[in-house]
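Scroll down for the structure; my scribbles are underneath it.
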Amino acid sequence: MTRTEKVIAAFILLTAPLVIYALARLQPTFDDWTYLTYPNEDPQWQRYFLPYGSYWRPIDALIGYVLALDLRLFPTLNHILIYLAHLTGMLMVYLIGRRLQYTLLSRIIAPLFFLLSPAMLGAVLDIDSINQVLSSTLGLIALWCYLGPSKHRLWLWPTLCLLATLAKENGICWLFIVPLLGYAFHITNRRQLRRHLAIALGCVVAYSAIRLSLPNGYALDENQYLTATFTDKLNNVAKFLILSFSCVDFISLFHQPSRHIPFLLLTLLLSIPFIYLLVRRGIAHLKERETLVLLLTILLAASPHLLTLFSTMHAYAALGLIALLVGHILNRGSIGRRTITVTFAMYMASALMVDARHYTKAYDSGMTGYRMAESVILQAHKPANKVWCICIDNGEKKYSSFCVIPYDAFGWGNAVYLHTHHRWPTLLRNETITTADARAHLAHIVGQRLAQGYDQVWIVDGKEVKVIEK
């Protein structure tokens, strides 16, 4: 390592505890309350290690079980695991760049792009995204092993790719990505590529056979991931390209209460020179085998989400490969070192601004649910066993997991359950009604629920919660 690389590595390591501390302050919102990586106290916890519905994610089930051993671990442990996996992914991008003989500048830019690109925000700032980050990281480790000289690589890469698949199903794509990139960068020849692709196909068949032979404890209900229309898929491709390659504060554009056009334009203008440089040099080297295969594998890594459902979290699936593409383009070009350095510094300034704003919004959303839970506990004269939570939909708009509707941040009452360390309520049910229904029928609904034996009714209206006791 050069002195510059050592200084950057030391800075990242020294600031890692501060970053983890900041991430640990983010509270759960929305589907964080209902996913497998929430503390799982189900007496039949073993069944979550088996396929459930359309999914089989035993690593998530293990995390949920561990969290239930000590509720104080949630969500801090989630954030620690996600960020450590993200740092490991960054290290893999750097080490792969070394094995591919990237120049010093490319070896520095590629991992920094991976570390700070806004494409990572949907996963790194989330709580239930351990599966996405771990799957991608294991895929990158598999690629690094495959590109190395060790004989063990021939069994390490399929093993690591299957572990990535057990983290999240799209990890199975890495079984094909790894040998394709090995061929692209002249590590293997065509004969070896065909043999390794056959091994990958065999692993897919074995995985599918094992999965189908295991009992499935959940009914296969309609899955929103499997109902995408052709128009939805085109929209997914557009979102993927924009989220993966641009560096713009989309909160300022898509979330009306947070709209800030000057900030949006500033982040856009700062990032354009570097993006233009990448596109220009990428087109110049488009016919090269390495560039074409990198583009192919990027699409392959993102394909499960492009064909189904794509959100901000899913941009992470191909981020490591995109970072390698960035490094490759800069490695192959004849652009001046000063030009690259200045434009990338501008891009990083924009990325840090976007990252900070998204963090602030995610923090505010989480704290909204936290304060609502505190309000309920203060209003309640005693713990309640049975609670009915009524959420009034006032037409608020959300933006991904950063700007969340208050009743979603409140977890439809689950924030109280976490706040009381799962002591109460022992039974929590909820319903969402419109503002018009609330004006016309709220009193009747409250009376009906109390008559049905519920100890309390919580009425969630915006950021306010009113507790009505029997």
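Side chains included, hydrogens not; waters and symmetry mates left out as well; all remaining heavy atoms used. Note that the numbering runs from 1 along the sequence shown for the chain.
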T343 side chain vs P273 backbone, donor-acceptor pair below 3.5 Å
no
Between the CD1 atom in I433 and the CD1 atom in I445, the distance rounded to the nearest 0.5 Å is 4.0 Å
H305 and N236, any side-chain heavy atoms less than 4.5 Å apart
no
Please report the interatomic distance CG(L299) to CD1(I177), rounded to the nearest 0.5 Å.
10.0 Å
Please collect all salt bridge (Lys or Arg N to Asp or Glu O under 4.0 Å) contacts where either partner lies in residues 356-382, sequence neighbours excluded, each pair once.
D249-R357
Suppose the criterion is ring pair (Phe, Tyr, Trp, His ring centres under 6.0 Å): which pairs have a residue in residues 436-470, not counting sequence neighbours?
W388-Y454
Taking atom types as modelled, find out whether H422 and E41 have a side-chain donor-acceptor pair closer than 3.5 angstrom.
yes
Should we count CD of E469 as having more than 12 external heavy atoms under 6.0 Å?
yes
Which residues share a side chain to side chain donor-acceptor pair (under 3.5 Å) with H358, sequence neighbours left out
none
Can you check side chain to side chain contact (heavy atoms under 4.5 Å, CB included) on C203 and L162, steps first, answer last?
CA-CA 8 Å; C203 289; L162 287 172; 4.3 Å; yes
Write down the atom of C145, the atom of L156, and the distance for their closest heavy-atom approach.
SG-CD1, 4.1 Å
Hey, is the main chain of F402 close enough, under 3.5 Å, to the side chain of S365 for a donor-acceptor pair?
yes
Report yes if the distance between the aromatic ring centroids of Y370 and H419 is under 6.0 Å, otherwise no.
yes
Under the side chain to side chain contact (heavy atoms under 4.5 Å, CB included) criterion, do D60 and D128 qualify, and how do the steps go?
CA-CA 9 Å; D60 280 348; D128 68 345; over 6 Å; no
Any chance the rings of Y48 and Y65 have centres within less than 6.0 Å?
no
Heavy-atom side-chain contact between D355 and P118 under 4.5 Å:
yes
Is the closest side-chain heavy-atom distance between Y94 and F114 below 4.5 Å?
no
Testing N40, L62, L36, N78 one by one against L67 for a side chain to side chain contact (heavy atoms under 4.5 Å, CB included), which residue passes?
N78
Give a yes-or-no answer on whether the side chains of Y407 and N394 include a donor-acceptor pair shorter than 3.5 Å.
no
Sequence-distant partners of F344, ring pair (Phe, Tyr, Trp, His ring centres under 6.0 Å), two or more places apart
F274
Is the shortest side-chain heavy-atom distance between L243 and F310 below 4.5 Å?
yes
Should N414 and W412 count as side-chain neighbours, where that means a heavy-atom distance under 4.5 Å?
yes
Between S136 and V133, is there a donor-acceptor pair closer than 3.5 Å when you use the side chain of the first and the backbone of the second?
no
Under the 3.5 angstrom rule, does the side chain of S135 hit a backbone N or O of A167 as a donor-acceptor pair?
no
For the ring pair H260 and F254, is the centre-to-centre distance below 6.0 Å?
no
By side-chain contact (heavy atoms from CB on, under 4.5 Å) - contacts of P383 (at least two apart):
W424
Taking the ring of Y399 and the ring of F250, is the distance between their centroids below 6.0 Å?
no
With sequence neighbours excluded, tell me which residues meet ring pair (Phe, Tyr, Trp, His ring centres under 6.0 Å) with F245.
none
Can you confirm whether E169 sits close enough to R211 that some side-chain heavy atom of one is under 4.5 Å from a side-chain heavy atom of the other?
yes
Listed partners of Y83 passing ring pair (Phe, Tyr, Trp, His ring centres under 6.0 Å), at least two apart:
none
Heavy atoms only: give me the nearest G89-T137 pair and the separation to one decimal.
N-CG2, 3.8 Å
Whether S129 side chain and L125 backbone form a donor-acceptor pair below 3.5 Å:
no
Is it the case that H79 and T76 place a side-chain donor and acceptor less than 3.5 Å from each other?
no
All heavy atoms of P75 vs all of I127, minimum pair found to be CB-CD1, 3.7 Å
Strictly under 6.0 Å, is that where the ring centroids of H86 and Y316 end up?
yes
Is there a donor-acceptor pair closer than 3.5 Å between any side-chain N or O of Q379 and the backbone N or O of V467?
yes
Sorted by chain and residue number, the side-chain contact (heavy atoms from CB on, under 4.5 Å) partners of K470 (sequence neighbours excluded) come out as L450
If every non-hydrogen atom of S401 is compared with every non-hydrogen atom of V404, which pair is closest and at what distance?
O-CG2, 3.6 Å
Go through the structure and list residues passing ring pair (Phe, Tyr, Trp, His ring centres under 6.0 Å) with Y207, not counting sequence neighbours.
W56
Separation between CE (M120) and CG (D126), nearest 0.5 Å, reads 12.5 Å
What heavy-atom pair brings L26 and A362 nearest, and what distance separates the two atoms?
CD2-C, 3.9 Å
For the residue pair Y146 and W157, does the interplanar ring angle fall in the parallel (under 30°), tilted (30 to 60°) or perpendicular (over 60°) class?
perpendicular
Keeping the roles fixed (side chain from S244, backbone from L241), state whether a donor-acceptor pair exists under 3.5 Å.
no
So, taking the atom named OG in S246 and the one named CD1 in I275, what distance separates them when rounded to the nearest 0.5 Å?
6.0 Å
For E431, give me all partners under salt bridge (Lys or Arg N to Asp or Glu O under 4.0 Å), at least two apart in sequence or on another chain.
R449
So do F240 and I298 actually touch side chain to side chain, heavy atoms under 4.5 Å?
yes
Residue that, paired with L77, satisfies side chain to side chain contact (heavy atoms under 4.5 Å, CB included) out of I130, T37, V66
V66
Would K168 and Y55 count as a cation-pi pair here, with the cationic atom under 6.0 angstrom from the ring centre and within 45° of the axis?
no
Is the shortest side-chain heavy-atom distance between I390 and T432 below 4.5 Å?
no
Restricting to non-hydrogen atoms, name the atom on H421 and the atom on R72 that form the minimum distance, rounded to 0.1 Å.
CE1-CG, 4.3 Å
Could you point out which residue of T297, V204, L296 forms a side chain to side chain contact (heavy atoms under 4.5 Å, CB included) with F176?
V204
Checking Q46 now: which residues fulfil side chain to side chain donor-acceptor pair (under 3.5 Å) with it, not counting sequence neighbours?
none
Of all pairs that satisfy salt bridge (Lys or Arg N to Asp or Glu O under 4.0 Å), the ones with a partner from residues 13-38, not counting sequence neighbours:
none
For a side chain to side chain contact (heavy atoms under 4.5 Å, CB included) with P111, tell me which candidate from L95, V93, L116 qualifies.
V93
